[in-house]
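For reference, the structure discussed in these notes is given below.
We number each residue from 1, following the sequence as shown.
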Amino acid sequence: MTGNEYQVLAMLTCSITEDPEAKLRHGVFGLASEAGEVSGIFQKVYQGHELDIDHVVKECGDCLWMIAEILDTLDIELEECMEMNIAKLRARYPEGFTAERSLHRVEGDV
């Protein structure tokens with residue numbers, strides 16, 4: 001499955017279709033919430049729980065759904081976002097990650 005195929009299929013389950021501002025807010029707040037759920041799974045390890053990888057994967061999928069919703073609202077395909085991110089990383093770390101390049105980014109690199 002491609003990123004764009006995922007985005008189309010995911011949006012078949014989106015309940016907010018008439019109000020783009022509400023849809024965007026839902027995606028942004030939902031992403032923060034789902035990311036918190038991922039971190040909560042790891043936090044439970046400090047309470048003696050076993051790390052539940054399947055649960056991590058499911059919650060990461062929920063994060064991906066929220067990202068798809070945000071991008072769909074902005075009329076951006078998921079694969080475009082993926083490609084832009086890789087281009088940014090290649091420009092930032094042309095030879096692969098280094099702490100030096102991370103600490104000393106080019107002005108305007110976000």
Side-chain angles (χ1 to χ4, degrees):
M1 172 183 306
T2 69
N4 291 346
E5 289 170 339
Y6 172 85
Q7 187 176 15
V8 168
L9 294 171
M11 289 305 94
L12 293 176
T13 63
C14 183
S15 63
I16 304 171
T17 58
E18 300 298 321
D19 184 350
E21 288 182 27
K23 183 178 172 186
L24 186 59
R25 284 191 304 274
H26 180 265
V28 170
F29 296 143
L31 178 58
S33 176
E34 295 298 342
E37 290 190 40
V38 173
S39 65
I41 296 166
F42 283 89
Q43 184 271 333
K44 286 188 179 285
V45 171
Y46 294 102
Q47 298 172 339
H49 295 254
E50 291 290 321
L51 180 61
D52 186 344
I53 299 298
D54 287 339
H55 194 181
V56 170
V57 172
K58 289 176 183 177
E59 296 303 336
C60 284
D62 290 343
C63 289
L64 184 57
W65 191 99
M66 293 296 177
I67 291 168
E69 181 180 42
I70 292 166
L71 295 173
D72 187 70
T73 306
L74 299 173
D75 199 29
I76 299 168
E77 292 182 330
L78 184 56
E79 289 177 24
E80 179 184 351
C81 178
M82 294 162 59
E83 290 167 1
M84 287 176 66
N85 181 253
I86 292 301
K88 176 183 81 170
L89 294 173
R90 282 184 178 151
R92 186 180 293 166
Y93 306 113
E95 305 298 322
F97 177 82
T98 66
E100 180 67 22
R101 288 190 70 102
S102 178
L103 292 169
H104 301 97
R105 291 189 187 169
V106 174
E107 187 175 328
D109 180 8
V110 292

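- A continuous path of ILVMFWY side-chain contacts below 4.5 Å connects Leu12 to Trp65, so both sit in one hydrophobic cluster.
- With sequence neighbours excluded, the residues forming a side-chain contact (heavy atoms from CB on, under 4.5 Å) with Asn85 are Lys88, Leu89, listed by chain and number.
- Following chains of ILVMFWY side-chain contacts shorter than 4.5 Å, one can reach Ile67 starting from Leu9, so the two form part of one hydrophobic cluster.
- Atoms NE2 and CG, on His26 and Leu31 in that order, are 11.5 Å from each other to the nearest 0.5 Å.
- How far NZ of Lys58 is from SG of Cys63: 15.0 Å, rounded to the nearest 0.5 Å.
- Between the side chain of Asn4 and the main chain of Glu79, a donor-acceptor pair closer than 3.5 Å is present.
- You'll find the side chain of Met66 stays beyond 4.5 Å of the side chain of Ser33, heavy atoms only.
- The environment of Glu37 atom CD is dense: over 12 non-hydrogen atoms of other residues, nucleotides or ligands sit within 6.0 angstrom.
- Here the CG atom belonging to Leu78 is positioned 11.0 Å from the CD1 atom belonging to Ile70, to the nearest 0.5 angstrom.
- By the side-chain contact (heavy atoms from CB on, under 4.5 Å) test, Ser15 pairs with no residue at all, sequence neighbours left out.
- By the ring-ring contact (aromatic ring centres under 6.0 Å, His included) test, Tyr46 pairs with no residue at all, sequence neighbours left out.
- Considering CE of Met11 and OH of Tyr6, their distance stands at 7.0 Å, rounded to 0.5 Å.
- Nearest approach of Pro94 to Ala91, heavy atoms of both residues: CD-O, 3.7 Å.
- Between the NE2 atom in His49 and the NE2 atom in His55 there is a gap of 12.0 Å [rounded to 0.5 Å].
- Cluster note: Val56 groups with Val38, Ile41, Phe42, Val45, Leu51, Ile53, Val57 through ILVMFWY side-chain heavy atoms spaced under 4.5 Å, whether in direct contact or through intervening members.
- Asp109 pairs by the salt bridge (charged side-chain N to carboxylate O under 4.0 Å, His left out) definition with Arg92, not counting sequence neighbours.
- Taken to the nearest 0.5 Å, the CG atom of Asp62 stands 5.0 Å off from the CD atom of Glu59.
- For the side-chain hydrogen bond (donor to acceptor under 3.5 Å, both in side chains) test, residues two or more places apart in sequence or in another chain that qualify with Glu100 are His104.
- Connection of Ile16 to Val8 is not established within any shared hydrophobic cluster, with ILVMFWY side chains joined at heavy-atom distances below 4.5 Å, either directly or through further cluster members.
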Before you tell me yes or no, could you show the steps for Asp72 and Lys23 under side chain to side chain contact (heavy atoms under 4.5 Å, CB included), namely the whole-Å CA-CA distance, both residues' side-chain angles and the distance that decides it to 0.1 Å? CA-CA 9 Å; Asp72 187 70; Lys23 183 178 172 186; 2.4 Å; yes
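- Following chains of ILVMFWY side-chain contacts shorter than 4.5 Å, one cannot reach Val110 starting from Met84, and the two form parts of different hydrophobic clusters.
- Within 6.0 Å of the CD atom in Gln47, the count of heavy atoms belonging to other residues, nucleotides or ligands exceeds 12.
- Gln7 places a side-chain N or O within donor-acceptor distance of the main-chain N or O of Ile76, the cut-off being under 3.5 Å.
- With contacts defined as side-chain heavy-atom distances shorter than 4.5 Å, the pair Leu71/Glu80 does not qualify.
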